[in-house]
There are 2 protein chains.
Amino acid sequence: MGSAKLGHPQADEAVIPVPPQLSAAVGRRRATSRQELEETAFALFAARGFEATTVDEIAAAAGIGRRTFFRYFPSKNDIPWGAFELELDRMRARLRACPPEVAVMDAIREALVDFNRVEPTMVALHRRRMELILRVPALFAHSTLRFTAWREVIAEFVAARTGQRAGQLAPQAIAHAVLGVSVAAYEHWLDDPVADLGELLDTAMRQLADAFGAPPGRRPGRRP
Amino acid sequence: MGSAKLGHPQADEAVIPVPPQLSAAVGRRRATSRQELEETAFALFAARGFEATTVDEIAAAAGIGRRTFFRYFPSKNDIPWGAFELELDRMRARLRACPPEVAVMDAIREALVDFNRVEPTMVALHRRRMELILRVPALFAHSTLRFTAWREVIAEFVAARTGQRAGQLAPQAIAHAVLGVSVAAYEHWLDDPVADLGELLDTAMRQLADAFGAPPGRRPGRRP
DNA sequence: GCCTTTGTGGCACCCAGTGCCAGGATCGAC
DNA sequence: GTCGATCCTGGCACTGGGTGCCACAAAGGC
């Protein structure tokens, strides 16, 4: 997947460690699930903070061995990411589904808003998830690898639309910029308990489109 | 420094651990220096690879204790970064020195090219340094924190020029985009043993300016 | 009941990073 | 020269993430 340039192969492999008991009903049954473990861990993170929670504690709280934890998550840092690879596929599909008449930045904006739509019941969880990823330094650092994969999805779409390769500068620049405003919108969302994520992303992307449409020196990113 | 939003305070503090023997000539003398340690470590990295080199080995090769190593570098990951904080100051100063007549993106491009100028004798070292930072996954992840600080320099400049705050979307987007093309240009540079970094950055930034000046759907990032 | 498959988890180990603290080296003061 | 202040060194012990190995437990098929 993606250009060989920015891709860190380890990142992709580390994501889904050993998808235990994929479909075969033979053999010993799993003692728990990724999701269950995630919930247990999130509860501990909320109580003690991410750094102060050890893997031993998570495993103990989930009633499994420490060794087994690492069969569900390749690292403690991966806990908040859920099924991110699948999300990437969703985003890719959503972009592909955009009719060619829609301009590139519009298509990205629509896909982005769609992609980040969360059920009302899941909003609290998503907030905690993103709070961890974006505010815990170790997790933010770890996120680089995921973000690279995410940007590659954008870059590939832009490349396909503009007849370039994903590794070229314009696709890369746009992908980086889109990631940037997304992160900025998320930060804003985390700061404001009643903000609507979709709206923030929509506004943010419109401002980015403006920035791409006119030099920011003359029009400071405002929507006309 | 910078907006409270994207800044991870730990990043800044961790950078210069205990600047040993800053100027006072009293007390026991240092056994080595950051730079000497860096050279020793780079030699080992070249021979065995980054991940396969342990801190113990670096310390042993440098003739110091492992404990002492951590007084020169807060972590193994920080070795390739040299005196990055000072570099940031240099970049800031370089941007400030740009006359207001020069357009924002032009100013950033010029500063960027200047900032990344390396003496011919230092090119090989800089290559090894950036190869580590950009290609070793653990280091690339670690770099997030430094990149955030770096982007903030750009964002603040754009903000000052356009009458916004650095945390707003346009400055953040531009900063992300500039980082993106910089990384892309560096990747290109690392791939091509005879490429000129300054030229690559210049071209890349011109293409970015084009992308900002016209929707990439109609003009695919080419220079007119 | 056996065999195969699959998940579990204990054990031992590696490595990064830290707090503590007993030194060693160098100064200026006396 | 000796003393004390100052600063650097590095050993020791410890925490915590992550891994290889392997014995074992639980399930299904036959």
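Chain letters run A, B, ... following the sequence lines, proteins first, then strands; residues in each count from 1.
Put simply, CZ on B:F70 is 15 Å from C1' on D:dG11, counting in whole angstrom units. Atom NE2 in B:H142 sits about 14 Å away from atom P in C:dA16, given to the nearest Å. Whole-Å rounding puts the A:R48 CZ to D:dG16 C1' distance at 15 Å. Regarding A:F69, its CZ atom lies at a distance of 20 Å from the P atom of C:dC11, rounded to whole Å. For the pair B:E51 CD and D:dG17 P, the interatomic distance rounds to 19 Å; values are reported in whole Å. The CG atom of A:N77 sits 9 Å away from the C1' atom of D:dG17 (whole-angstrom rounding). The CZ atom of B:R66 sits 10 Å away from the C1' atom of C:dT18 (whole-angstrom rounding). D:dG17 atom C1' lies 12 Å from atom CG of A:D78, rounded to whole Å.
Here B:R135 pairs with B:D191 in a salt bridge; the nearest charged N to carboxylate O distance falls below 4.0 Å. Ion pairing between a basic and an acidic side chain is recognised when a charged N comes within 4.0 Å of a carboxylate O; A:D78 and A:R146 show such pairing. The pair B:R90-B:E87 counts as a salt bridge, with a side-chain nitrogen and a carboxylate oxygen less than 4.0 angstrom apart.
Side-chain polar atoms of B:E39 and B:Q35 form a donor-acceptor pair below 3.5 angstrom. With hydrogens and angles left out, the side-chain atoms of B:T32 and B:E36 include a donor and acceptor closer than 3.5 Å.
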Could you list the protein-to-nucleotides 24-30 of chain C atom pairs, N/O on both sides, closer than 3.5 Å?
| unit_1 | atom_1 | unit_2 | atom_2 | d |
| --- | --- | --- | --- | --- |
| C:dA25 | N3 | B:R28 | N | 3.4 |
| C:dC27 | OP1 | B:R29 | NH2 | 3.3 |

Every protein N/O lying under 3.5 Å from an N/O of nucleotides 19-21 of chain C:
| unit_1 | atom_1 | unit_2 | atom_2 | d |
| --- | --- | --- | --- | --- |
| C:dG19 | N7 | B:R67 | NH2 | 3.0 |
| C:dG19 | O6 | B:R67 | NE | 2.7 |

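A donor-acceptor pair under 3.5 Å is absent between the side-chain atoms of B:D192 and the main chain of B:H188, judged by distance alone.
Stacking of B:R34 on the aromatic ring of B:F73 is recorded, both the 6.0 Å distance cut-off and the 45° axial limit being met. Taking the ring axis of B:F70 as reference, the NZ or CZ atom of B:K76 does not stay both within 45° of it and closer than 6.0 Å to the ring centre.
At the phosphate of C:dT8, OP1 or OP2 sits under 4.0 Å from a side-chain N or O atom of A:Y72. For the OP1/OP2 pair of C:dG9 and a distance below 4.0 Å, the side-chain nitrogens and oxygens of A:T68 include at least one atom meeting the criterion.
For B:K76, taking side-chain heavy atoms from C-beta onward, the closest of the listed nucleotides D:dT19, D:dG10, C:dA16 is C:dA16.
Take A:S143 and apply the side-chain contact (heavy atoms from CB on, under 4.5 Å) test, not counting sequence neighbours, and it matches A:W81, A:I133, A:F140, A:F147. Judged as a ring-ring contact (aromatic ring centres under 6.0 Å, His included), and not counting sequence neighbours, A:F42 has no contacts. For A:A83, the side-chain contact (heavy atoms from CB on, under 4.5 Å) test picks out A:L86, with sequence neighbours left out.
Of the residues in residues 54-62 of chain B, none has a non-hydrogen atom less than 4.0 angstrom from any atom of DNA chain D.
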